[in-house]
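Step one of this worksheet: look at the structure below.
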Amino acid sequence: MSTDYASAVAVVRTLENQLFNRHDFDQLINARDGKEFETLINSKNSGNLTEVWEMLRSFAPDSKELEIMLYRNDFHNLKAVLKAMISGREPDKYLTEPSTIKGNTLKEMFRTKNTDLLPAHMRDTAVKAYGILTTTLDGQLLDSFIDTECLKAMRKSAEKSGNNFIMKYVEQVTVCADIKTAYRCSKMGKDRNFLETAICGSDELDKEMLIRITLSGTENLLNFLDSTQYYELSGLLRENPAKFEKRCDDLITEQVQTAQFKAFGTEPLIAYYIAKETEIKNLRIIKVCRECGADMETITERLRETYV
């Protein structure tokens, strides 16, 4: 086991104490007004996600495992720049940070057709995505294609790393994404060609099998999921898709919590980044629900599990 990141893990352990726990979120939910709400947030603020990423990256500048955390942002930005270019808009307000590939680089790549500006795992996707959008003008197909290619790239990079922690994380992300996609496609009556593009496939849910069952209808899909280890997710899809989304996030949190017992390596750094993502999502949920006048019970039901 590598001890290269021992000092970084020590810093992360300190920062974990600044993460919001369930008690902190309860205080935010019950804040008397916006001023108290902001005061509570500022009292534990340990930086936004970009600042967190830059800090973690400074500890592990050559970590390919850590870099996988930004694949989804990079591929999202690929979609944003491509759509903006086709529609004659500037993409800046649609871009997500942190990212390893900046918007200007993506714009330059499409302008010059020089895919060498992109990392190897994005080049073929960029070329094919451009072809899809310019020939079909189908934004939904483009989104599905790029999202699936992102999952494939994450899986390939995770497997190449040989790191069990990141491989399990990516597997969980892929399974949840495929179940969500299959459910939506079954509801919308999407055909096989679309499903071939939209479903990634994983060790736990074979792509061809999932496509075949999805084509047979929503109830058959849910019945199939009932027979797998993901039966809980099928029950939540029947009950309320929003609860399904929450449970998927919670499964990922439960998986990465194993990093709390690691003294060395990149696992605690990756886990902290994911924990920070979840914290930001919870803060957004509380803020929006408070603005809408939701009661404490409703807000609490929507909150994701905390890392600490």
Ser157 side chain to Tyr71 side chain, donor-acceptor N/O pair below 3.5 angstrom: yes
Presence of salt bridge, Glu16 and Arg13, under 4.0 angstrom: yes
Check: Asp74/Thr100 side-chain N/O donor and acceptor closer than 3.5 Å: yes
Donor-acceptor contact present, side-chain Ser144 to main-chain Thr197, <3.5 Å: no
Cationic N near anionic O, under 4.0 Å, Glu108 to Arg111: yes
Stepwise side-chain contact (heavy atoms from CB on, under 4.5 Å) test for Lys207 and Ser202: CA-CA 7 Å; Lys207 177 175 180 174; Ser202 63; over 6 Å; no
Linked, directly or transitively: Leu251 and Val170 (ILVMFWY side chains, under 4.5 Å): no
Hydrophobic cluster partners of Tyr231 (side-chain heavy atoms under 4.5 Å): none
Ion pair check, Asp206 and Arg212, cut-off under 4.0 Å: no
Side-chain donor/acceptor of Gln260 to backbone N/O of Tyr307, under 3.5 Å: yes
Parallel, tilted or perpendicular: rings of Phe25 and Phe20 (30°, 60°): parallel
Pairs involving residues 240-250, ordered by first then second residue, that meet side chain to side chain donor-acceptor pair (under 3.5 Å) (sequence neighbours left out): Lys180-Glu245, Glu232-Arg247, Glu239-Lys243, Lys246-Asp250, Arg247-Glu254, Asp249-Lys281, Asp249-Arg304
Single-linkage hydrophobic cluster, 4.5 Å side-chain cutoff, Tyr94 and Met85 together: no
Intermediate values then yes/no, side-chain contact (heavy atoms from CB on, under 4.5 Å), Tyr183 and Leu225: CA-CA 11 Å; Tyr183 178 76; Leu225 293 173; over 6 Å; no
Pairwise salt bridge (charged side-chain N to carboxylate O under 4.0 Å, His left out) hits with a residue in residues 17-31, at least two apart: Asp24-Lys44
